[in-house]
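Index from 1, following the sequence. Each ligand, and each atom within it, is numbered from 1 in the order the structure gives. All of these numbers come straight from a predicted model, not from anything done at the bench.
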Amino acid sequence: MQTHFKYLAVLLCISCLFLSRSASADQIDGARLYEQACAACHGSDGRGRSVEDRGFELELPDFTDCEFASREPDPDWHAVIHEGGPVRAFDRMMPAFGDALTDEQIYAILGHVRTFCTNDDWPRGEFNVPKPLFTEKAFPEDETVFNVRLDTDDSKAVIIEPVYEKRFGPRGMVEVKVPFGRRESPRDDNANLGFGDLGLGYKYALYHNLARGNAFSIGGEVILPTGEEEDGFGSGSTKLEPYAAFVQLLPGDAFLQAQVLGEIAVSGDSEDEAAARVVLGRTYSEGEFGRAWSPMVEVLASRELVSGSDVTLDLVPQMQVALNTRQHILLNVGVRFPVTNRQGRKSQIVMYLLWDWFDGGFRDGW
Ligand code: HEC
(Lines give C-alpha, C1' and ligand atoms only; values in the text may rest on other atoms or scores of the structure.)
Protein backbone atom coordinates (compact mmCIF):
# COMPACT_ATOMS: atom_id res chain seq x y z
CA MET A 1 0.00 0.00 0.00
CA GLN A 2 2.73 2.41 1.08
CA THR A 3 4.79 1.78 -2.06
CA HIS A 4 1.69 2.43 -4.12
CA PHE A 5 1.43 5.84 -2.56
CA LYS A 6 5.08 6.57 -3.29
CA TYR A 7 4.54 5.67 -6.95
CA LEU A 8 1.45 7.81 -6.93
CA ALA A 9 3.37 10.70 -5.38
CA VAL A 10 6.09 10.47 -8.03
CA LEU A 11 3.50 10.33 -10.81
CA LEU A 12 1.62 13.27 -9.39
CA CYS A 13 4.86 15.20 -9.02
CA ILE A 14 5.73 14.66 -12.68
CA SER A 15 2.22 15.49 -13.80
CA CYS A 16 2.22 18.70 -11.77
CA LEU A 17 4.86 20.04 -14.14
CA PHE A 18 2.21 19.86 -16.84
CA LEU A 19 -1.04 20.25 -15.00
CA SER A 20 -2.47 22.61 -12.42
CA ARG A 21 0.23 22.86 -9.77
CA SER A 22 -1.69 23.65 -6.63
CA ALA A 23 -4.14 20.73 -6.68
CA SER A 24 -1.43 18.10 -7.13
CA ALA A 25 0.84 19.78 -4.61
CA ASP A 26 -1.95 19.52 -2.03
CA GLN A 27 -2.24 15.82 -2.74
CA ILE A 28 1.45 15.12 -2.15
CA ASP A 29 1.52 17.24 0.97
CA GLY A 30 -1.54 15.46 2.31
CA ALA A 31 -0.03 11.99 1.95
CA ARG A 32 3.30 13.05 3.46
CA LEU A 33 1.70 14.93 6.34
CA TYR A 34 -0.59 11.98 7.04
CA GLU A 35 2.45 9.73 7.20
CA GLN A 36 4.17 12.08 9.67
CA ALA A 37 1.25 13.06 11.88
CA CYS A 38 -1.35 10.30 11.71
CA ALA A 39 0.09 7.00 10.48
CA ALA A 40 1.65 6.14 13.89
CA CYS A 41 -1.89 5.44 15.12
CA HIS A 42 -4.11 5.22 12.03
CA GLY A 43 -1.59 3.20 9.98
CA SER A 44 -0.22 3.97 6.53
CA ASP A 45 -3.12 1.97 5.10
CA GLY A 46 -5.74 3.89 7.13
CA ARG A 47 -7.01 0.77 8.89
CA GLY A 48 -5.52 1.62 12.29
CA ARG A 49 -2.35 -0.02 13.63
CA SER A 50 -2.46 -3.13 15.77
CA VAL A 51 -2.79 -2.88 19.56
CA GLU A 52 0.87 -4.04 20.03
CA ASP A 53 2.18 -1.34 17.68
CA ARG A 54 0.23 1.59 19.05
CA GLY A 55 0.24 0.57 22.73
CA PHE A 56 -3.37 1.38 23.64
CA GLU A 57 -6.56 -0.68 23.61
CA LEU A 58 -9.00 1.86 22.23
CA GLU A 59 -10.44 0.86 18.88
CA LEU A 60 -9.37 2.97 15.91
CA PRO A 61 -11.59 3.92 12.99
CA ASP A 62 -11.00 2.06 9.72
CA PHE A 63 -10.81 4.72 7.00
CA THR A 64 -10.93 2.04 4.27
CA ASP A 65 -14.43 1.05 5.45
CA CYS A 66 -16.58 3.09 3.07
CA GLU A 67 -19.77 2.38 4.98
CA PHE A 68 -18.26 4.29 7.91
CA ALA A 69 -15.96 6.81 6.18
CA SER A 70 -18.33 7.99 3.43
CA ARG A 71 -20.97 9.19 5.87
CA GLU A 72 -18.62 11.47 7.84
CA PRO A 73 -18.53 14.93 6.24
CA ASP A 74 -15.18 16.74 5.96
CA PRO A 75 -16.17 19.57 8.34
CA ASP A 76 -16.85 17.05 11.15
CA TRP A 77 -13.50 15.34 10.64
CA HIS A 78 -11.81 18.71 10.37
CA ALA A 79 -13.28 19.60 13.79
CA VAL A 80 -11.97 16.36 15.35
CA ILE A 81 -8.48 16.82 13.85
CA HIS A 82 -8.31 20.51 14.79
CA GLU A 83 -9.71 20.23 18.32
CA GLY A 84 -9.00 16.59 19.22
CA GLY A 85 -11.43 13.73 19.96
CA PRO A 86 -13.38 15.34 22.83
CA VAL A 87 -14.89 18.04 20.55
CA ARG A 88 -17.24 15.29 19.25
CA ALA A 89 -17.15 13.25 22.46
CA PHE A 90 -14.45 10.88 21.17
CA ASP A 91 -11.46 9.82 23.25
CA ARG A 92 -8.68 12.31 24.02
CA MET A 93 -6.26 9.72 22.61
CA MET A 94 -7.14 11.40 19.30
CA PRO A 95 -4.89 14.50 19.66
CA ALA A 96 -5.67 18.11 18.67
CA PHE A 97 -3.65 19.33 15.69
CA GLY A 98 -5.03 22.87 15.54
CA ASP A 99 -1.75 24.40 16.74
CA ALA A 100 0.52 22.19 14.61
CA LEU A 101 -1.32 22.22 11.27
CA THR A 102 -3.02 24.94 9.24
CA ASP A 103 -6.57 24.45 7.92
CA GLU A 104 -5.12 23.95 4.41
CA GLN A 105 -2.81 21.22 5.73
CA ILE A 106 -5.70 19.53 7.56
CA TYR A 107 -7.83 19.58 4.40
CA ALA A 108 -4.88 18.24 2.37
CA ILE A 109 -4.55 15.37 4.87
CA LEU A 110 -8.30 14.76 4.63
CA GLY A 111 -7.90 14.61 0.84
CA HIS A 112 -5.47 11.75 1.44
CA VAL A 113 -7.68 10.06 4.08
CA ARG A 114 -10.50 10.09 1.50
CA THR A 115 -8.41 7.93 -0.87
CA PHE A 116 -8.63 4.98 1.58
CA CYS A 117 -12.27 4.28 0.68
CA THR A 118 -12.10 3.26 -2.96
CA ASN A 119 -15.81 2.79 -3.71
CA ASP A 120 -17.43 6.10 -4.64
CA ASP A 121 -20.90 4.55 -4.87
CA TRP A 122 -21.46 5.65 -1.28
CA PRO A 123 -22.95 9.18 -1.14
CA ARG A 124 -20.88 11.45 1.07
CA GLY A 125 -22.07 12.65 4.47
CA GLU A 126 -22.01 16.25 3.20
CA PHE A 127 -25.41 15.42 1.64
CA ASN A 128 -26.76 14.42 5.02
CA VAL A 129 -28.10 17.94 5.62
CA PRO A 130 -30.64 18.62 8.41
CA LYS A 131 -33.85 16.65 8.12
CA PRO A 132 -36.94 18.80 7.52
CA LEU A 133 -40.19 18.02 9.34
CA PHE A 134 -42.02 16.86 6.18
CA THR A 135 -39.75 16.73 3.12
CA GLU A 136 -38.04 13.38 2.58
CA LYS A 137 -34.26 13.66 2.33
CA ALA A 138 -32.28 12.48 -0.68
CA PHE A 139 -29.69 10.91 1.64
CA PRO A 140 -30.26 7.28 2.75
CA GLU A 141 -29.97 7.05 6.52
CA ASP A 142 -29.50 4.86 9.56
CA GLU A 143 -31.65 6.51 12.15
CA THR A 144 -34.65 6.36 14.42
CA VAL A 145 -36.94 9.38 14.41
CA PHE A 146 -39.83 10.11 16.75
CA ASN A 147 -42.20 12.49 14.97
CA VAL A 148 -44.73 14.26 17.19
CA ARG A 149 -47.73 16.21 15.86
CA LEU A 150 -50.06 18.26 18.03
CA ASP A 151 -53.28 19.48 16.40
CA THR A 152 -54.90 22.67 17.64
CA ASP A 153 -58.26 21.86 15.99
CA ASP A 154 -61.21 20.03 17.59
CA SER A 155 -59.49 16.67 17.37
CA LYS A 156 -56.82 17.88 19.85
CA ALA A 157 -54.80 15.03 18.40
CA VAL A 158 -51.41 14.04 19.76
CA ILE A 159 -49.79 11.69 17.28
CA ILE A 160 -46.41 10.07 17.85
CA GLU A 161 -44.83 8.40 14.86
CA PRO A 162 -41.67 6.37 15.40
CA VAL A 163 -39.79 5.88 12.11
CA TYR A 164 -37.03 3.36 11.73
CA GLU A 165 -34.67 3.80 8.77
CA LYS A 166 -31.87 1.44 7.84
CA ARG A 167 -29.42 1.59 4.98
CA PHE A 168 -28.89 -1.35 2.65
CA GLY A 169 -25.68 -1.20 0.64
CA PRO A 170 -24.18 2.07 -0.55
CA ARG A 171 -27.38 3.60 -1.94
CA GLY A 172 -30.44 1.84 -0.54
CA MET A 173 -32.57 2.35 2.57
CA VAL A 174 -35.69 0.73 4.04
CA GLU A 175 -38.12 2.47 6.35
CA VAL A 176 -40.94 1.48 8.72
CA LYS A 177 -43.39 3.96 10.30
CA VAL A 178 -45.89 3.11 13.02
CA PRO A 179 -47.96 6.12 14.14
CA PHE A 180 -50.11 6.02 17.27
CA GLY A 181 -51.70 8.53 19.56
CA ARG A 182 -54.76 10.06 21.05
CA ARG A 183 -57.53 12.12 19.47
CA GLU A 184 -61.09 13.26 20.06
CA SER A 185 -63.37 11.14 17.94
CA PRO A 186 -65.37 12.96 15.23
CA ARG A 187 -68.45 10.71 15.91
CA ASP A 188 -68.75 11.21 19.70
CA ASP A 189 -66.95 13.35 22.24
CA ASN A 190 -64.67 10.61 23.47
CA ALA A 191 -60.90 10.77 23.36
CA ASN A 192 -59.54 7.58 21.84
CA LEU A 193 -56.17 5.95 21.77
CA GLY A 194 -55.21 4.14 18.62
CA PHE A 195 -52.77 3.20 15.89
CA GLY A 196 -52.55 5.07 12.62
CA ASP A 197 -51.71 3.83 9.13
CA LEU A 198 -48.54 1.76 8.94
CA GLY A 199 -45.96 2.84 6.33
CA LEU A 200 -43.25 0.74 4.65
CA GLY A 201 -40.77 2.46 2.37
CA TYR A 202 -37.69 2.06 0.20
CA LYS A 203 -35.31 4.74 -1.06
CA TYR A 204 -32.44 4.58 -3.54
CA ALA A 205 -29.80 7.26 -4.13
CA LEU A 206 -29.72 7.40 -7.94
CA TYR A 207 -27.19 10.16 -8.35
CA HIS A 208 -24.76 12.10 -6.19
CA ASN A 209 -21.92 14.41 -7.10
CA LEU A 210 -20.03 16.20 -4.35
CA ALA A 211 -18.22 18.57 -6.73
CA ARG A 212 -21.59 19.79 -8.04
CA GLY A 213 -23.06 19.63 -4.56
CA ASN A 214 -26.22 17.78 -5.54
CA ALA A 215 -27.84 14.41 -5.06
CA PHE A 216 -31.06 12.82 -6.28
CA SER A 217 -33.01 9.83 -4.98
CA ILE A 218 -36.17 7.97 -5.83
CA GLY A 219 -38.32 6.01 -3.45
CA GLY A 220 -41.72 4.80 -2.57
CA GLU A 221 -43.95 3.98 0.35
CA VAL A 222 -46.84 1.65 0.87
CA ILE A 223 -49.36 2.97 3.41
CA LEU A 224 -51.60 0.27 4.89
CA PRO A 225 -55.02 1.14 6.36
CA THR A 226 -54.25 -0.15 9.87
CA GLY A 227 -55.67 2.99 11.53
CA GLU A 228 -59.33 3.19 12.61
CA GLU A 229 -60.92 5.38 9.94
CA GLU A 230 -64.02 6.35 11.90
CA ASP A 231 -62.01 7.66 14.83
CA GLY A 232 -59.87 9.72 12.46
CA PHE A 233 -56.69 7.66 12.88
CA GLY A 234 -56.51 6.34 9.34
CA SER A 235 -57.61 7.08 5.79
CA GLY A 236 -59.18 3.64 5.23
CA SER A 237 -57.24 3.29 1.98
CA THR A 238 -54.16 1.39 0.93
CA LYS A 239 -51.93 3.91 -0.78
CA LEU A 240 -48.79 3.95 -2.85
CA GLU A 241 -46.55 6.98 -2.56
CA PRO A 242 -43.83 7.14 -5.21
CA TYR A 243 -41.47 10.09 -4.83
CA ALA A 244 -38.28 11.79 -5.99
CA ALA A 245 -36.05 13.75 -3.59
CA PHE A 246 -33.33 16.26 -4.37
CA VAL A 247 -30.72 18.16 -2.38
CA GLN A 248 -28.48 21.04 -3.47
CA LEU A 249 -25.68 22.22 -1.18
CA LEU A 250 -25.32 26.00 -1.21
CA PRO A 251 -22.47 28.26 -0.09
CA GLY A 252 -22.19 29.15 3.60
CA ASP A 253 -23.60 25.83 4.95
CA ALA A 254 -26.96 26.56 3.35
CA PHE A 255 -29.00 23.93 1.52
CA LEU A 256 -32.09 23.44 -0.61
CA GLN A 257 -34.12 20.25 -0.47
CA ALA A 258 -37.12 19.29 -2.55
CA GLN A 259 -39.48 16.35 -2.94
CA VAL A 260 -42.27 15.62 -5.39
CA LEU A 261 -44.65 12.79 -4.65
CA GLY A 262 -47.83 11.12 -5.68
CA GLU A 263 -50.37 9.54 -3.36
CA ILE A 264 -52.27 6.87 -5.20
CA ALA A 265 -55.14 5.06 -3.49
CA VAL A 266 -55.13 1.44 -4.65
CA SER A 267 -58.07 0.47 -2.42
CA GLY A 268 -60.60 2.48 -0.42
CA ASP A 269 -62.19 5.74 -1.47
CA SER A 270 -59.43 8.34 -0.88
CA GLU A 271 -58.71 10.69 -3.76
CA ASP A 272 -55.34 10.52 -5.47
CA GLU A 273 -53.05 13.44 -4.69
CA ALA A 274 -49.91 15.08 -5.99
CA ALA A 275 -47.63 17.08 -3.72
CA ALA A 276 -44.43 19.09 -3.78
CA ARG A 277 -42.30 20.11 -0.82
CA VAL A 278 -39.39 22.56 -0.79
CA VAL A 279 -37.18 23.58 2.09
CA LEU A 280 -34.44 26.15 2.40
CA GLY A 281 -32.16 26.19 5.44
CA ARG A 282 -28.76 26.95 6.81
CA THR A 283 -26.58 25.56 9.60
CA TYR A 284 -24.87 27.84 12.11
CA SER A 285 -22.42 26.51 14.73
CA GLU A 286 -21.75 28.00 18.13
CA GLY A 287 -18.14 29.12 17.88
CA GLU A 288 -16.22 27.37 15.13
CA PHE A 289 -16.85 23.78 16.17
CA GLY A 290 -19.74 23.89 18.64
CA ARG A 291 -23.42 23.01 18.67
CA ALA A 292 -25.18 23.17 15.29
CA TRP A 293 -28.40 25.18 14.87
CA SER A 294 -30.30 24.90 11.60
CA PRO A 295 -33.22 27.22 10.91
CA MET A 296 -35.32 26.08 7.93
CA VAL A 297 -38.47 27.15 6.13
CA GLU A 298 -40.52 24.51 4.41
CA VAL A 299 -43.29 25.04 1.86
CA LEU A 300 -45.81 22.23 1.36
CA ALA A 301 -48.09 22.16 -1.67
CA SER A 302 -50.65 19.48 -2.46
CA ARG A 303 -53.61 19.03 -4.72
CA GLU A 304 -56.21 16.30 -5.04
CA LEU A 305 -56.23 14.94 -8.56
CA VAL A 306 -59.89 15.83 -9.11
CA SER A 307 -60.89 18.54 -11.55
CA GLY A 308 -61.64 21.87 -9.89
CA SER A 309 -59.75 21.16 -6.67
CA ASP A 310 -57.49 23.86 -5.25
CA VAL A 311 -53.85 23.74 -4.31
CA THR A 312 -53.36 23.50 -0.55
CA LEU A 313 -50.35 25.46 0.66
CA ASP A 314 -48.70 25.29 4.09
CA LEU A 315 -45.70 27.08 5.50
CA VAL A 316 -43.52 25.38 8.14
CA PRO A 317 -40.81 27.49 9.81
CA GLN A 318 -38.69 25.28 12.06
CA MET A 319 -35.43 25.06 13.99
CA GLN A 320 -33.25 21.99 14.30
CA VAL A 321 -30.63 21.78 17.05
CA ALA A 322 -28.01 19.17 17.96
CA LEU A 323 -28.61 18.13 21.56
CA ASN A 324 -25.35 16.36 22.36
CA THR A 325 -21.60 16.81 21.73
CA ARG A 326 -21.40 14.04 19.10
CA GLN A 327 -24.27 15.86 17.32
CA HIS A 328 -26.07 12.60 16.51
CA ILE A 329 -29.14 13.30 18.69
CA LEU A 330 -31.16 16.14 17.17
CA LEU A 331 -34.37 17.98 17.94
CA ASN A 332 -36.47 19.88 15.42
CA VAL A 333 -39.49 21.99 16.36
CA GLY A 334 -41.76 23.92 14.00
CA VAL A 335 -45.28 25.08 13.29
CA ARG A 336 -47.30 24.16 10.21
CA PHE A 337 -49.38 27.17 9.19
CA PRO A 338 -52.16 26.67 6.62
CA VAL A 339 -51.82 29.35 3.91
CA THR A 340 -54.63 28.43 1.49
CA ASN A 341 -57.79 26.28 1.97
CA ARG A 342 -57.84 27.43 5.57
CA GLN A 343 -61.38 26.40 6.28
CA GLY A 344 -61.36 23.67 8.90
CA ARG A 345 -57.58 23.60 8.97
CA LYS A 346 -55.72 24.93 11.99
CA SER A 347 -52.04 25.28 12.80
CA GLN A 348 -50.20 22.19 13.91
CA ILE A 349 -47.17 21.99 16.20
CA VAL A 350 -44.69 19.54 14.72
CA MET A 351 -41.44 18.19 16.07
CA TYR A 352 -39.08 15.26 16.02
CA LEU A 353 -36.33 13.75 18.08
CA LEU A 354 -33.78 12.06 15.84
CA TRP A 355 -31.15 9.50 16.79
CA ASP A 356 -28.49 8.80 14.15
CA TRP A 357 -27.60 5.43 15.70
CA PHE A 358 -24.68 4.57 13.41
CA ASP A 359 -22.72 7.35 15.17
CA GLY A 360 -23.27 5.93 18.65
CA GLY A 361 -25.77 4.76 21.27
CA PHE A 362 -28.49 7.08 22.55
CA ARG A 363 -26.55 7.76 25.74
CA ASP A 364 -23.13 8.09 24.01
CA GLY A 365 -21.48 11.35 23.13
CA TRP A 366 -23.19 13.80 25.53
C1 HEC B 1 -1.97 9.07 19.23
C2 HEC B 1 -2.75 8.37 18.24
C3 HEC B 1 -3.44 9.16 17.15
C4 HEC B 1 -2.87 10.04 16.26
C5 HEC B 1 -1.43 10.47 16.15
C6 HEC B 1 -3.96 10.47 15.40
N7 HEC B 1 -5.13 9.89 15.77
FE8 HEC B 1 -6.96 10.15 14.90
N9 HEC B 1 -7.82 8.97 16.32
C10 HEC B 1 -7.14 8.28 17.28
C11 HEC B 1 -8.08 7.52 18.08
C12 HEC B 1 -7.75 6.62 19.25
C13 HEC B 1 -9.36 7.77 17.54
C14 HEC B 1 -10.70 7.19 17.99
C15 HEC B 1 -11.25 7.92 19.17
C16 HEC B 1 -12.56 7.32 19.66
O17 HEC B 1 -13.14 6.47 18.99
O18 HEC B 1 -12.98 7.72 20.78
C19 HEC B 1 -9.15 8.72 16.44
C20 HEC B 1 -10.18 9.23 15.66
C21 HEC B 1 -9.98 9.98 14.53
C22 HEC B 1 -11.04 10.48 13.69
C23 HEC B 1 -12.52 10.37 13.97
C24 HEC B 1 -13.19 9.28 13.19
C25 HEC B 1 -14.68 9.18 13.48
O26 HEC B 1 -15.07 8.24 14.19
O27 HEC B 1 -15.45 10.01 12.99
C28 HEC B 1 -10.44 11.12 12.65
C29 HEC B 1 -11.12 11.80 11.48
C30 HEC B 1 -9.01 11.05 12.87
N31 HEC B 1 -8.77 10.35 14.01
C32 HEC B 1 -8.08 11.58 12.01
C33 HEC B 1 -6.74 11.72 12.34
C34 HEC B 1 -5.78 12.43 11.52
C35 HEC B 1 -6.09 13.05 10.17
C36 HEC B 1 -4.59 12.40 12.19
C37 HEC B 1 -3.30 13.09 11.79
C38 HEC B 1 -3.36 14.49 11.55
C39 HEC B 1 -4.80 11.63 13.40
N40 HEC B 1 -6.10 11.25 13.46
C41 HEC B 1 -3.80 11.35 14.34
C42 HEC B 1 -5.78 8.29 17.51
C43 HEC B 1 -4.86 9.07 16.84
**Student:** Grouping I, L, V, M, F, W and Y whenever their side-chain heavy atoms are under 4.5 Å apart, do L354 and V316 come out in a common cluster?
**Tutor:** yes
**Student:** To check your reading of the model: name the closest protein heavy atom to atom 8 (Fe) of ligand 1, its residue, and the distance in Å.
**Tutor:** H42 NE2, 2.0 Å
**Student:** Would you please determine whether F56 falls within less than 4.0 Å of ligand 1 on a heavy-atom basis?
**Tutor:** yes
**Student:** Out of D91, I81, V80, D74, who is nearest to atom 18 (O) of ligand 1 when you count heavy atoms only?
**Tutor:** D91
**Student:** Report the relative orientation of the aromatic rings in F116 and F63; use parallel for angles under 30°, tilted for 30 to 60°, perpendicular for over 60°.
**Tutor:** parallel
**Student:** Going by the atom numbers of ligand 1, which of them fall below 4.0 Å from some non-hydrogen atom of W77?
**Tutor:** 24 (C), 25 (C), 27 (O), 29 (C)
**Student:** Below a 4.0 angstrom heavy-atom separation, can you tell me which part of F68, side chain or backbone, both or neither, approaches ligand 1?
**Tutor:** side chain
**Student:** Taking only heavy atoms of F63 into account, list the atoms of ligand 1 that are under 4.0 Å away from them.
**Tutor:** 28 (C), 30 (C), 32 (C)
**Student:** To which of G365, C41, A89, A40 does the heavy atom nearest atom 3 (C) of ligand 1 belong?
**Tutor:** C41
**Student:** Would you kindly specify which portion of F90 sits under 4.0 Å from ligand 1, judged on non-hydrogen atoms: side chain, backbone, both or neither?
**Tutor:** both
**Student:** Counting non-hydrogen protein atoms only, what is the nearest one to atom 5 (C) of ligand 1? Give residue, atom name and distance.
**Tutor:** A37 O, 3.3 Å
**Student:** For ligand 1, which atoms have a heavy atom of M93 less than 4.0 angstrom away?
**Tutor:** 1 (C), 2 (C), 3 (C), 12 (C), 42 (C), 43 (C)
**Student:** Give a yes-or-no answer on whether the side chains of W293 and E286 include a donor-acceptor pair shorter than 3.5 Å.
**Tutor:** yes
**Student:** Are D74 and R114 close enough for a salt bridge, meaning some N to O gap below 4.0 Å?
**Tutor:** yes
**Student:** Is the shortest distance from a Lys or Arg side-chain nitrogen in D314 or R336 to a carboxylate oxygen in the other one below 4.0 Å?
**Tutor:** yes
**Student:** When you measure from atom 14 (C) of ligand 1 to each heavy atom in G85, P61, P86, A39, which option holds the nearest one?
**Tutor:** P61
**Student:** Identify which one of E175, R171, R167 satisfies the side chain to side chain contact (heavy atoms under 4.5 Å, CB included) criterion when paired with P140.
**Tutor:** R167
**Student:** Report the part of R88 (side chain from C-beta onward, or backbone N, CA, C, O) that has a heavy atom under 4.0 Å from ligand 1; answer both or neither where that applies.
**Tutor:** neither
**Student:** Between K166 and Y164, is NZ or CZ placed under 6.0 angstrom from the six-membered ring centre and within 45° of the ring axis?
**Tutor:** no
**Student:** Please determine if atom 8 (Fe) of ligand 1 has an N/O/S atom from C38 lying under 2.8 Å away.
**Tutor:** no
**Student:** Decide whether E229 and S235 meet the rule of one side-chain donor and one side-chain acceptor closer than 3.5 Å.
**Tutor:** no
**Student:** So, are R277 and E136 salt-bridged, with charged N and O less than 4.0 Å apart?
**Tutor:** no
**Student:** Ignoring hydrogens and angles, state whether a donor on the side chain of T152 or Q348 is under 3.5 Å from an acceptor on the partner side chain.
**Tutor:** no
**Student:** Among protein heavy atoms, which sits nearest to atom 11 (C) of ligand 1, and what does the distance come to when rounded to 0.1 Å?
**Tutor:** L60 CD2, 3.3 Å
**Student:** Any N/O/S atom of M94 sitting less than 2.8 Å from atom 8 (Fe) of ligand 1, backbone or side chain?
**Tutor:** yes
**Student:** Between L110 and ligand 1, which part of the residue brings a heavy atom under 4.0 Å of the ligand: side chain, backbone, both or neither?
**Tutor:** neither
**Student:** Assess P95 for proximity to ligand 1: is some non-hydrogen atom of it under 4.0 Å away?
**Tutor:** yes
**Student:** Under the side-chain hydrogen bond (donor to acceptor under 3.5 Å, both in side chains) rule, what do R291 and Y284 come out as? Steps first, then yes or no, please.
**Tutor:** CA-CA 8 Å; R291 186 186 305 284; Y284 298 87; over 6 Å; no
